[in-house]
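Some notes on the structure that comes next.
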Amino acid sequence: MRREESTSTARFRRALERYELIRKRLAPTALPQSPGDLVGLLVSGEGEAALTCLPDMNLPDGQRWASLATVILEPATSAARILDGTPADSGSRPWRHLAAQRGSDTGFGTR
């Protein structure tokens with residue numbers, strides 16, 4: 001039981017560190033003006049709270065957790081942008097753009 005409490009406490013502490021990093025980044029400036037601006041805020045550097053999950057290659061297979069995609073949803077335009085990778089990859093990889101077809105509530109088209 002004590003180990004579970006310790007693990008829960010550590011998870012809570014890491015979540016709080018991530019929250020504080022985002023809050024600190026937003027405090028001195030206005031809210032992001034575009035989804036692209038928000039993606040930049042989600043990149044964490046060495047010594048900062050990990051905002052995305054990078055695999056720890058020292059762990060055995062099955063325990064190397066990693067963020068696989070970054071997704072921007074834009075409800076106003078019924079569109080989504082999907083990046084194969086983390087926000088840190090946004091400048092070096094292409095985004096896939098998807099948009100709902102006009103007049104259809106079930107189909108998706110690619111732009």
Side-chain angles (χ1 to χ4, degrees):
M1 184 78 162
R2 196 168 224 3
R3 186 163 189 236
E4 287 179 25
E5 290 174 348
S6 175
T7 302
S8 294
T9 301
R11 285 183 183 148
F12 177 76
R13 181 183 47 77
R14 288 191 304 269
L16 187 58
E17 289 171 357
R18 290 189 297 271
Y19 171 77
E20 288 297 324
L21 178 59
I22 292 292
R23 191 177 65 75
K24 186 169 95 176
R25 287 180 176 181
L26 290 174
T29 62
L31 292 175
Q33 298 300 303
S34 72
D37 293 343
L38 180 59
V39 170
L41 294 176
L42 298 176
V43 177
S44 51
E46 189 69 34
E48 293 181 313
L51 298 175
T52 57
C53 191
L54 301 175
D56 182 346
M57 300 312 283
N58 295 319
L59 295 175
D61 288 342
Q63 294 181 14
R64 298 176 186 170
W65 305 105
S67 297
L68 300 177
T70 302
V71 179
I72 297 173
L73 300 176
E74 300 184 57
T77 59
S78 300
R81 287 189 269 166
I82 304 165
L83 175 71
D84 177 18
T86 70
D89 300 316
S90 67
S92 63
R93 295 188 179 174
W95 287 84
R96 179 177 299 255
H97 297 265
L98 304 173
Q101 294 175 358
R102 300 274 183 217
S104 170
D105 61 355
T106 59
F108 283 91
T110 302
R111 277 195 222 176

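Using a 4.5 Å cut-off on side-chain heavy atoms (C-beta onward), Leu41 and Val39 make no contact. In this structure, Ile22 and Leu51 have side chains that are in contact, with non-hydrogen atoms separated by less than 4.5 Å. Using a 4.5 Å cut-off on side-chain heavy atoms (C-beta onward), Trp95 and Ile72 make contact.
Note: Leu73 CG to Ile82 CD1 = 8.0 Å, rounded to the nearest 0.5 Å. The structure places CE of Met57 at 4.0 Å from CZ of Arg64, a figure rounded to the nearest 0.5 Å. From Leu21, atom CG reaches atom CZ of Arg23 across 10.5 Å, with rounding to the nearest 0.5 Å.
Partner of Thr70 under the side-chain contact (heavy atoms from CB on, under 4.5 Å) criterion, out of Leu83, Leu42, Asp89, Thr52: Leu83 alone.
A salt bridge does not link Glu17 with Arg14: every distance from a Lys NZ or Arg NE/NH1/NH2 to an Asp or Glu carboxylate oxygen is 4.0 Å or more. Under the 4.0 Å criterion applied to side-chain N and carboxylate O atoms, Arg25 and Glu48 are assigned as salt-bridge partners.
The cluster map of Ile, Leu, Val, Met, Phe, Trp and Tyr, joined by side-chain heavy atoms under 4.5 Å apart, puts Val43 and Leu54 in different clusters.
At least one donor-acceptor pair under 3.5 Å links the side chain of Gln33 to the backbone N or O of Leu31. In this structure, Ser67 contributes its side chain and Ala69 its backbone to no donor-acceptor pair below 3.5 Å.
Residue Ser44 comes nearest to Ala49 through the heavy atom pair CB-O, 3.1 Å, listed as atom of the first residue, atom of the second, then distance.
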